[in-house]
Protein chains: 2
Amino acid sequence: MVAPDANTTRTQLLEHAQQLICTRGCNGFSYRDLADLVGVKSATIHYYFPSKDDLLFEAIQAYNMQVMAGIRTHDASEPARQRFEAYLARVSNLCGTNRLCLGGMLAAELMSYSDKVRTAVQAFFHAQEKWVAEVLAQGAAEGTLRFHGTPEEAARAVCATVQGCLLIGRLTREPLKLRETLSALFIDNGAAVEPAVP
Amino acid sequence: MVAPDANTTRTQLLEHAQQLICTRGCNGFSYRDLADLVGVKSATIHYYFPSKDDLLFEAIQAYNMQVMAGIRTHDASEPARQRFEAYLARVSNLCGTNRLCLGGMLAAELMSYSDKVRTAVQAFFHAQEKWVAEVLAQGAAEGTLRFHGTPEEAARAVCATVQGCLLIGRLTREPLKLRETLSALFIDNGAAVEPAVP
DNA sequence: GTCTATACCTCGATAGAC
DNA sequence: GTCTATCGAGGTATAGAC
């Protein structure tokens with residue numbers, strides 16, 4: 001919730017924490033690991049984030065903000081297909097980085113966390129699914145996207161498939177083929193696989 | 001590789017280890033947690049699995065065997081659609097259990113592991129994708145399954161989507177809708193949503 | 001704010017009695 | 001085979017000087 005202003009220690013800690021979570025998971029790094037990356041001592045982390053639960057919570061909250069802010073730059077004034085392409089392009093940025101989606105990683109380790117963090121992870125996916133559902137509904141109205149079930153159901157399928165692709169993509173070290181994978185979800189596959197964003 | 005004969009201590013340890021990994025991940029439980037579940041002391045675990053890496057490796061190997069053995073009871077003498085349904089039914093068994101696929105969980109925590117375990121996780125998905133690709137190819141020949149690209153590419157997409165559905169399904173505590181998500185693969189969707197496996 | 005120093009715990013792992 | 005006992009390392013977290 002704190003403004004991500006400058007290169008403050010707090011901001012650096014949060015950014016490196018996100019990186020560590022995305023690659024190794026929250027149970028896979030220690031305060032010392034994080035402190036070394038930023039160049040401080042581990043006691044300094046406790047000054048900003050008293051417990052690891054606090055750090056985790058702030059990390060997922062900030063990630064949620066960042067992702068949604070990036071996505072929402074493409075509002076309903078753009079065609080749905082273009083908005084959807086922009087979403088996929090964002091996800092594809094994780095390709096080849098040894099990182100998963102932070103939300104996906106926390107979802108995997110979900111049972112290790114407090115209710116507070118768990119709820120935040122759920123909220124992250126809820127927000128994302130809601131946005132995708134809106135785009136799908138718009139695409140249906142424009143006649144450019146067709147899918148099975150309600151926009152909400154299809155959006156959930158899209159978000160799930162995205163997570164699966166990230167997981168398998170990192171494991172096999174092969175490019176994502178996210179678009180091709182998602183094309184199976186759409187009725188009009190031939191049109192959907194054409195790149196719509198120049 | 002050891003025969004999973006009876007209720008030996010070793011077998012019980014392996015089963016409970018699999019359970020713990022599927023729910024909390026390998027970094028989310030300790031030797032003491034596992035020992036308590038089986039009713040032995042943690043030193044006993046070291047007798048069977050000298051290091052945690054050994055335990056992990058055996059767990060993924062055994063899981064690989066179990067899954068592939070279950071899948072392979074449906075061989076090419078059955079229609080592809082029926083084989084595919086059986087596969088989805090198996091996956092759906094994880095629904096509502098707080099468990100993920102063991103392979104998927106290890107794939108998430110991948111960067112924490114040794115090369116040996118990493119390779120085993122890759123082998124797990126490779127075997128599964130190979131089987132699914134075979135079924136998809138058969139379905140294409142029989143005219144009952146339709147997909148984009150090669151059977152191998154489509155199989156990878158299927159396996160990725162399965163993992164994503166498990167991840168999101170546990171998070172939101174809603175039923176999987178795995179079939180609906182993958183329903184676009186089926187040529188005759190109207191028929192496909194009816195249960196094909198009694 | 002950041003440090004040093006440290007408390008206190010849990011971890012994986014080992015030695016040796018039985 | 002399973003136990004008790006214990007080790008050393010590393011974990012989160014805190015106190016207090018600066």
Side-chain angles (χ1 to χ4, degrees), chain A residues 1-21 23-60 105-106 109 111-118, chain B residues 1-21 23-60 105-106 109 111-118:
Chain A
M1 293 302 184
V2 173
D5 294 318
N7 260 10
T8 63
T9 299
R10 185 193 163 88
T11 304
Q12 287 185 67
L13 283 171
L14 211 46
E15 283 172 359
H16 281 94
Q18 288 179 333
Q19 149 101 6
L20 283 170
I21 295 170
T23 51
R24 295 192 233 162
C26 123
N27 293 327
F29 76 96
S30 71
Y31 268 44
R32 282 199 243 288
D33 294 329
L34 175 56
D36 288 346
L37 281 177
V38 178
V40 296
K41 296 299 174 181
S42 69
T44 301
I45 307 179
H46 287 281
Y47 173 77
Y48 295 102
F49 310 98
S51 77
K52 204 171 182 181
D53 199 71
D54 297 315
L55 177 62
L56 266 190
F57 179 75
E58 301 264 12
I60 179 67
M105 181 65 89
L106 294 190
E109 290 183 325
M111 307 306 283
S112 306
Y113 306 145
S114 67
D115 283 347
K116 187 179 173 187
V117 171
R118 257 202 282 256
Chain B
M1 293 303 181
V2 172
D5 294 318
N7 261 9
T8 64
T9 299
R10 185 193 163 88
T11 305
Q12 288 184 67
L13 283 172
L14 211 46
E15 284 173 358
H16 282 93
Q18 288 179 332
Q19 150 100 7
L20 283 169
I21 295 169
T23 52
R24 295 192 233 161
C26 126
N27 292 328
F29 76 95
S30 71
Y31 267 45
R32 285 202 235 293
D33 295 329
L34 175 57
D36 289 347
L37 281 177
V38 178
V40 296
K41 295 299 174 181
S42 70
T44 301
I45 306 179
H46 286 280
Y47 173 78
Y48 295 102
F49 310 98
S51 76
K52 204 171 182 182
D53 200 70
D54 296 316
L55 177 62
L56 266 189
F57 180 74
E58 301 264 11
I60 179 67
M105 181 64 89
L106 294 191
E109 289 182 325
M111 306 307 282
S112 305
Y113 306 145
S114 67
D115 283 347
K116 188 179 173 188
V117 170
R118 258 201 281 256

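Throughout, a chain's letter reflects where its sequence line sits, starting with A, and its residues are numbered from 1.
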What's the separation between atom CZ in B:F49 and atom CG in B:L56, rounded to the nearest 0.5 Å?
10.5 Å
Given side chains that start at C-beta, do those of A:V38 and A:T44 come closer than 4.5 Å, heavy atoms only?
no
Contact between B:D54 and B:H46 at the side-chain level, heavy atoms closer than 4.5 Å - yes or no?
no
Side chain to side chain, A:D33 and A:R24, heavy atoms closer than 4.5 Å
yes
Need two values: the first and the last nucleotide of DNA chain D, 5' to 3', having an atom under 4.0 Å from any heavy-atom of chain B.
D:dG1 to D:dT4
Scan residues 38-46 of chain B against DNA chain D and write down, sorted by residue number, each residue with any heavy atom closer than 4.0 Å; if none is found, say none.
B:V40, B:K41, B:A43, B:T44
One should read off an interatomic distance between B:D36 CG and B:S30 OG, to the nearest 0.5 angstrom, of 7.5 Å
Closest heavy-atom pair, B:L55 versus B:L14, reported as atoms and distance to 0.1 Å, is CD1-CD1, 4.2 Å
B:K52 charged N/C atom sitting above B:Y113 aromatic ring, 6.0 Å / 45°:
no
Give me the residues of residues 24-37 of chain A where at least one heavy atom lies under 4.0 Å from an atom of DNA chain D, by number, or none.
A:F29, A:S30, A:Y31, A:R32
Donor-acceptor under 3.5 Å (B:E109 side chain, B:G25 main chain):
no
Interatomic spacing from CZ in B:F29 to CE in A:M111 - rounded to 0.5 Å:
15.0 Å
For B:T23 and B:M105, the nearest pair of non-hydrogen atoms, with its separation, is O-CE, 3.7 Å
